Amino acid sequence: MSVYARVSLQTAKDLTSYHYTIDHTPLRIYGYIFLTWQSNNINLTEISGLRVEEIDGLRLVKRLAENMEEMFHKKAQRLVEAAEEAHLQHEEDPNLQYEYFNAVLINEVDEEGNSVELGGEFILQPNDHFNNLSVNLNLSVVQVPTNMYNKDSAIVNGVYWSEALNKVFVDNFERDPSLIWQYFGSAKGFFRQYPGIKWKPDEHGVIAFDCRNRKWYIQAATSPKDVVILVDVSGSMKGLRLTIARQTVSSILDTLGDDDFFNIIAYNEELHYVEPCLNGTLVQADVTNKDFNETGRGSECSQAIMLVTDGAVDTYDAIFAKYNWPERKVRIFPYLIGRESAFAENLKWMACANKGYFTQISTLADVQENVMEYLHVLSRPKVIDREHDTVWTEAYIDSTLTNFRIFVCLQRNRGILLGVVGTDVPVSELLKTIPKYKLGIHGYAFAITNNGYILTHPDLRPLYGDGKKRRKPNYSSVDLSEVEWEDKEDTLRNAMVNRKTGIFSMEVKKSVDKGKRVLILHNDYYYTDIKGTPFSLGVALSRGHGKFFFRGNVTVEEGLHDLEHPDVALADEWTYCNTDEHPEHRYLSQIEAIKLYLSGHEPHLYCDKELIQEVLFDAVVTAPLEAYWTSLVLNKSENSDKGVEIAYLGTRTGLSRINLFVVDFLTAEDREGVFNADHFPLWYKRAAEQVPGTFVYSLPFNTGYGSKFFHHLWLNVSLILAAFSLLPSSHLAAQRTGRTMQVPCDTEYPAFISERTIKENTGNIDCDGCVKSFVIQQIPSSNLFMVVVDNKCDCSMFEPITMDPIEIMYILQFGLCHMPRCDWILINSRHG
């Protein structure tokens, strides 16, 4: 629990005395908060109804994994059932004529102003949920690849029966407004997308998109693959044939994902590896390795040889009999390059004898469509076994949203792939399943893929911080070892990649305030796999207050009474009650939802019972502060507390109390300090890491005319109870009109004072041959140090000091002002 307020910066001497004056303010708050306990020396263990509990990290991470598994499973399941049922009811009609909304042609007109065929009027309206794109929430659209005929019989039949998905798309979105895009990618090549949106060709009038060669489609349709590509480089493979062969190899590589492994071997009279360092191995098909770098083991699942050649003079049945029969574990996929068919029969025999597929590629335009045929063959085992494997992609950036995709393979009779359905889900929905109040101030949850890539992590920053929202290259393949870099042996990463459950501990450096301050913490990591997904989930809890919380019992009537005070607010993005699941709840605030839930009249409203109990307790315990703050406003005098503009109180459950003493509204900077879904406010974090009972002062980096201080009280069970803070006050600045204001000093004071045990340090400053001495002494009960410097030297030649983070070999503390006869200033400790 933390309290926060705002006042002005005084001169150094005034601020020091003010520090001791206001030291009584939190004590009075302390007494008010625990007025009902009639004691200033409180021991929680002796108070009836209160108890201290340690968080069971392993139990917590397992429960979170179960919640996420359930959430993932529900997202696309209805689409799977609807699509397979609709296809089952449909009978193919080669003469079927059907008009549908083509994503490229909608709202297009001919020279006479009439709608073009497969176009027509399609209402589009901007929608905030879809990044303000113009969409139609009632209909989906169909995209057909440029190299395919829009009215091909197979396309028209597929579009016709898949119209049944429209109703499911709309219903899904009404049930779950967190969904973004919903899809159906057909094995025939067309792509149905909801909500409907207009697609625009590139500058060449082409839309190269084909859902079947997208990573998500291939992952859902096939199992992990080990692929060896054999490329004929004999004398006959030249000119156009060699160009087609190269494009064929490139297209095969495009169908491989991070779960696949491959190698490329060129042959004529002899074999040679395209990359010699990969001799005899398979390499993981990630972004880097497709340029033939690091090696890796195979997936040991589906295995295939892709033979790219312009002919074969033999069937080589003796070799197949020796190495591949009778199990036929390795499938053979010959690609005959060119128009000649003299050796086609030998290649066809190889394919049929080894459970593969033969195709002939005569032109560059044929490459894409023919390469994709092998995927239908590799999908047959999953379809025959009627597997509905759900596939999750890594996180990706869509405009300003970070999302991940969920896809499920569809099947029909005779082992033929029907297609893939899926949906996009914002990562923010994943975060909502994480109870932040249980993780504590510096705790966090994170998830990675089976390849070690981050799905979500507080230190994953996929966009450049230049305000232009530009994506970083390879942002979706950031490895866990790049953010949890203190784990030098990759112990945590490897355990999670191998889908183990366990505990790991290490000391970490945690940056706060946009990298300007560093905290040293000891984290315990708890991890487990998310069943039915390729993800593993981890939870990091900081030792100390991060692993403990206390509970208390209050009546519902008491809690609701104090929760409805006008100064009370709950964290906007925390989920106390799920108001998204049912439309009638979506306009409720969290406090309104809590009241409805506790009334017992709404059985369909799901709420976090444990969190609600704790927030009611916090509301009752902190209620006396409202009366105290009101008394400050009504009883202002010369001797009363001065300079408080804004006072905040925050608790671990996301409850806050805000009192505006002077200002009428919160500034944008103040609003940044409230609780949100993924972090506690900076002032809360900094107060938590200080010695119990101390003040935490903070000078804003962008101005020298204001200061903040936080004061927190700890209970005798090492739990944060309250923090109090002060920020700049304009009315106090006006009272000091005419007094010289402090300005940044241009001198660095090299002294190691970051350790809390160091109370005093001395040193010398060499100002171009003139040496002046200084003394740095810690001010009790605060993070401040007083610097006293003799003024016999002029150090004005030094460059101005900035507060931008820099890499340094030793710790420097920065001065703030010059005063006559001696320079004495207040500076912040590096611990916050």
Side-chain angles (χ1 to χ4, degrees), residues 218 221-237 241 244-245 248-249 251-253 255-256 259-275 278-283 285 295-338 340-362 367 370-385 414-417:
I218 296 166
T222 65
S223 301
K225 304 176 287 295
D226 295 336
V227 175
V228 173
I229 303 174
L230 290 176
V231 185
D232 185 353
V233 292
S234 61
S236 60
M237 289 285 287
R241 288 184 179 181
I244 295 174
T248 300
V249 172
S251 295
I252 293 173
L253 290 178
T255 67
L256 304 180
D259 294 332
D260 304 321
F261 292 79
F262 77 103
N263 207 332
I264 303 177
I265 301 174
Y267 74 92
N268 41 37
E269 295 180 354
E270 297 180 351
L271 294 176
H272 67 274
Y273 288 84
V274 172
E275 182 60 41
L278 302 184
N279 191 339
T281 66
L282 292 174
V283 61
T295 61
R297 291 186 58 191
S299 66
E300 302 177 356
C301 195
S302 297
Q303 297 177 322
I305 293 176
M306 309 299 190
L307 178 59
V308 183
T309 181
D310 62 350
V313 296
D314 193 1
T315 59
Y316 304 103
D317 54 321
I319 294 176
F320 292 127
K322 182 177 180 180
Y323 294 102
N324 200 38
W325 297 348
E327 291 85 359
R328 291 175 170 81
K329 291 183 177 180
V330 180
R331 298 175 184 265
I332 308 297
F333 295 91
Y335 294 90
L336 179 60
I337 306 299
E340 299 294 331
S341 301
F343 302 107
E345 291 303 317
N346 288 340
L347 294 175
K348 288 180 181 178
W349 183 91
M350 290 183 197
C352 293
N354 294 278
K355 300 195 295 186
Y357 190 88
F358 166 81
T359 186
Q360 184 169 2
I361 304 176
S362 304
V367 172
N370 284 285
V371 165
M372 299 303 298
E373 293 294 338
Y374 92 90
L375 293 174
H376 299 155
V377 177
L378 292 186
S379 70
R380 286 174 186 168
K382 294 180 70 173
V383 176
I384 292 173
D385 292 340
R414 299 183 301 278
I416 298 176
L417 178 68

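Worth saying up front: this structure is predicted, and the values here are computed from it rather than measured.
Looking only at side-chain heavy atoms (C-beta outward), Lys225 and Ile218 come within less than 4.5 Å of each other. Using a 4.5 Å cut-off on side-chain heavy atoms (C-beta onward), Val371 and Thr248 make contact. The closest side-chain heavy-atom distance from Ile252 to Tyr335 is below 4.5 Å. No side-chain heavy atom of Phe358 sits less than 4.5 Å from a side-chain heavy atom of Ile332. Residues Asp232 and Tyr267 meet the side-chain proximity criterion, which asks for heavy atoms closer than 4.5 Å. Residues Thr255 and Tyr374 form a side-chain contact, since some pair of their non-hydrogen atoms from C-beta on lies under 4.5 Å apart. In this structure, Phe262 and Val283 have side chains that are in contact, with non-hydrogen atoms separated by less than 4.5 Å. Between Val231 and Ile264, the closest side-chain pair of non-hydrogen atoms falls below 4.5 Å.
Distance alone, capped at 3.5 Å, places no donor-acceptor pair between the Asp259 side chain and the Pro224 backbone. Checking side-chain atoms of Arg331 against main-chain N and O of Lys355 turns up a donor-acceptor pair under 3.5 Å. A distance-only check finds a donor-acceptor pair linking the side chain of Asn324 to the backbone of Val330 [under 3.5 Å].
Nearest approach of Arg241 to Ile337, heavy atoms of both residues: O-CG2, 3.5 Å. Taking each heavy atom of Ala285 and Leu256 in turn, the nearest pair found is CB-CB, 3.7 Å. In plain terms, the two heavy atoms of Ala312 and Leu347 that are nearest each other are CB-CD2, 3.7 Å. Shown here for Ala353 and Arg328, the closest heavy-atom pair between the two residues is O-NE, 2.6 Å. Gly338 and Gln360 get closest at one heavy-atom pair: O-NE2, 2.8 Å. The two residues Ser302 and Ser223 come nearest to each other via the heavy atoms OG-CB, 3.8 Å.
With values rounded to the nearest 0.5 angstrom, Thr281 atom OG1 is found 10.5 Å from Phe261 atom CZ. For the atom pair OG of Ser251 and CG of Asn370, the computed distance is 10.0 Å after rounding to the nearest 0.5 Å. One distance of note links CG of Leu307 with CG of Leu336; it measures 9.5 Å at 0.5 Å rounding. Interatomic distance, Asn354 CG to Ile305 CD1, rounded to the nearest 0.5 Å: 8.0 Å. A distance of 10.0 Å separates CG in Asn346 from CG in Asp317, rounded to the nearest 0.5 Å.
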Inset, instruction - For Leu253 and Ile229, run side chain to side chain contact (heavy atoms under 4.5 Å, CB included): C-alpha distance rounded to whole Å, both residues' side-chain angles, the deciding distance at 0.1 Å, then the answer. - result: CA-CA 9 Å; Leu253 290 178; Ile229 303 174; 4.1 Å; yes
Legend entry - Residues Leu282, Val228; criterion side chain to side chain contact (heavy atoms under 4.5 Å, CB included); working and verdict: CA-CA 8 Å; Leu282 292 174; Val228 173; 4.0 Å; yes
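Within a 6.0 Å sphere centred on CD of Glu327, heavy atoms belonging to other residues, nucleotides or ligands number more than 12. Residue Tyr357 places its OH atom among 12 or fewer non-hydrogen atoms of other residues, nucleotides or ligands, all under 6.0 Å distant. Summarising the local packing, CD of Glu340 is surrounded by 12 or fewer heavy atoms from other residues, nucleotides or ligands at distances under 6.0 Å.
Taking the six-membered ring for Trp and thresholds of 30 and 60 degrees, Trp349 and Phe320 have ring planes inclined between 30 and 60 degrees apart.
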